[in-house]
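Chain A is the first sequence line, chain B the second, and so forth, proteins listed ahead of strands; every chain is numbered from 1.
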There are 2 protein chains.
Amino acid sequence: MFNFVVYLNSMCATFDFTEKQIQILLVAETLFADKGFEGTSIRTIAKEAKINIAMVSYYFGSKERLLESLIFYRTKDLKIEIENLLVEDLEPIAKINKLIALYINRINSNKGIFRILHFEMATQKKELNIKSFYDLRKSNLKSLEAIISEGQDKGVFRKDISIPLLTPTILGTFFHFYMNKEYFMDILQLPTEDSYNNYITVDLTKHIQQTIKALLIYES
Amino acid sequence: MFNFVVYLNSMCATFDFTEKQIQILLVAETLFADKGFEGTSIRTIAKEAKINIAMVSYYFGSKERLLESLIFYRTKDLKIEIENLLVEDLEPIAKINKLIALYINRINSNKGIFRILHFEMATQKKELNIKSFYDLRKSNLKSLEAIISEGQDKGVFRKDISIPLLTPTILGTFFHFYMNKEYFMDILQLPTEDSYNNYITVDLTKHIQQTIKALLIYES
DNA sequence: TGTTTAATTAAACAGTTGTTTAATTTTGTA
DNA sequence: TACAAAATTAAACAACTGTTTAATTAAACA
């Protein structure tokens, strides 16, 4: 049994998960997103996934490593998606807009894992092996830098832009909106789930695009 | 004992907390901020505050109500601070800038509670009696609306601004930066705690002010 | 087919959790 | 000083936590 766990851990960077493992990951994802990592027990996961409680330890080694696996599983193909955008033949501002839309759409259709990341990153869990996620962020930052440089070379964007601060503005705005769902549904009078989601993909996306555009080309 | 708990709950909106209660609240604040609500046990709080574990239930009734009390204790005087800003004799853009600086400074010097709010609001805890906080936000939004309207009347600001989306941009940017401390200390090469805090009060504040300004006056 | 490996199970483990209890000490008041 | 109220304590409560165990069933392979 112990050997199997080691195998899983060393190989998960290259190999995929089995159907059974994915089933557990998906259940864990929604529960972690709803109740938080600490707030979700292995027994609840097991009951929801209709498996024995021992199976979680058996497949992933521990609860912490289950979370690691989940993060890896959900973020492994985001890097490629961003990099594909770079080579497209678009104006810099159009590229930025597409990047923003891609981010929001991506996060919005994977609400669970990003909520978890947002949460559990903040609580000190230094043992967490989320290097893959850390690398992903650096890579995404590099992609963003490339687009901005292109725009600066073409004379469209300002020269004095703090690129690392663009991500907090893009993602932060989205997350704050998303984390305070109830409040904004009330304030903006969005009675249904659908109207709320629609507001995100249309109005909020537009707002963020407009914000970044203003920041990139407006001369003070 | 039970009567005392009832008294506390019904009066906490008007009366202050005792020294002993505040001592417990302060300990709980740092622990909740560090390890999260679920991740912090009453025993840990008691040990840190050098009191008996029974005292938490004795003073606050339950762990949940301890959190409620903490949120109330920390947010009760923020409303006044914002409203004072409104009556100051400043240009609209200067008022906005001051509001942003006030927000960031306020949150930054009360890191704990805002981190907790950010966290625990998102996890479904509908039982939580945080109406006072909810009202605070609505009141703050009204203050922001007043400043924007003034600027619009003076012809300085655009007319087509989604005011409710300004808060996500201001607070979201800050929080995203603040919640990913380690990452940004690495990326921006801020080796010490001091340099990181200095970056927040100077550069990040300026970035957010610049963002909002661009959004308010830039014509696309 | 028999044998080895993997998957699954119920039960137990050793802690921890929030809360309550009854007894005791401290404090305030008459 | 005597008495009542409040504060504090250690201990117990029952429920829950993540993880491990040994036994059993299912699958893979020769």
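The interatomic distance linking B/Y58 (OH) with C/dA23 (C1') rounds to 14 Å, in whole Å. Look at CZ on B/F37: it is 8 Å from P on C/dG18, rounded to the nearest Å. Rounded to an integer number of Å, the gap from NZ of A/K47 to C1' of D/dC16 is 12 Å. Here the P atom of nucleotide C/dT19 and the CZ atom of B/F60 are 13 Å apart, to the nearest Å.
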Please list every donor-acceptor pair under 3.5 Å in which a side-chain atom of residues 163-176 of chain B meets a protein atom from a residue at least two apart or in another chain.
{"unit_1": "B/T169", "atom_1": "OG1", "unit_2": "A/H207", "atom_2": "NE2", "d": "2.7"}
{"unit_1": "B/T169", "atom_1": "OG1", "unit_2": "B/L165", "atom_2": "O", "d": "3.2"}
{"unit_1": "B/T173", "atom_1": "OG1", "unit_2": "B/T169", "atom_2": "O", "d": "2.5"}

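In summary, the aromatic rings of A/Y178 and A/Y196 are positioned with their centroids too far apart to meet the 6.0 Å limit. If you look at A/Y59 and A/F17, their ring centroids are not closer than 6.0 Å.
Summary for the helix from C/dG2-D/dC29 to C/dT26-D/dA5: the axes at its two ends, each from 5 pairs, differ by 10° when rounded to the nearest 10 degrees.
By the neighbour-count criterion of 12 heavy atoms within 6.0 Å, atom CD of A/E88 is densely surrounded, having more than that number from other residues, nucleotides or ligands.
Using a cut-off of 4.0 Å between Lys/Arg side-chain N and Asp/Glu carboxylate O, B/D34 and B/R115 are scored as not salt-bridged. The existence of a salt bridge linking A/K35 and B/E38 is excluded, since no basic side-chain nitrogen approaches an acidic carboxylate oxygen closer than 4.0 Å.
In terms of phosphate contacts, A/K20 brings a side-chain nitrogen or oxygen within less than 4.0 Å of OP1 or OP2 of C/dT8.
Between B/M185 and B/E182, the closest side-chain pair of non-hydrogen atoms is not below 4.5 Å. Residues B/S162 and A/D203 have side chains not in contact (no heavy-atom distance under 4.5 Å, counting atoms from C-beta outward).
Out of C/dT19, D/dT20, C/dA7, the shortest distance to the side chain of A/Y59 is found at C/dA7.
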Would you list the protein and nucleotides 14-17 of chain C atom pairs, both N or O, that sit under 3.5 Å from each other?
{"unit_1": "C/dT17", "atom_1": "OP1", "unit_2": "B/S41", "atom_2": "OG", "d": "3.3"}

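Contacts classified as salt bridge (charged side-chain N to carboxylate O under 4.0 Å, His left out) and involving residues 187-199 of chain A (residues at least two apart or in different chains) are given here: A/K181-A/E193.
For A/K98 and A/Y103, the positive end is not near the middle of the six-membered ring at less than 6.0 Å and at most 45° from its axis.
In terms of the side-chain hydrogen bond (donor to acceptor under 3.5 Å, both in side chains) criterion, B/T201 has no residue partners (sequence neighbours excluded).
Residues of residues 49-56 of chain A having a heavy atom closer than 4.0 Å to DNA chain D, listed by number: A/I53, A/A54.
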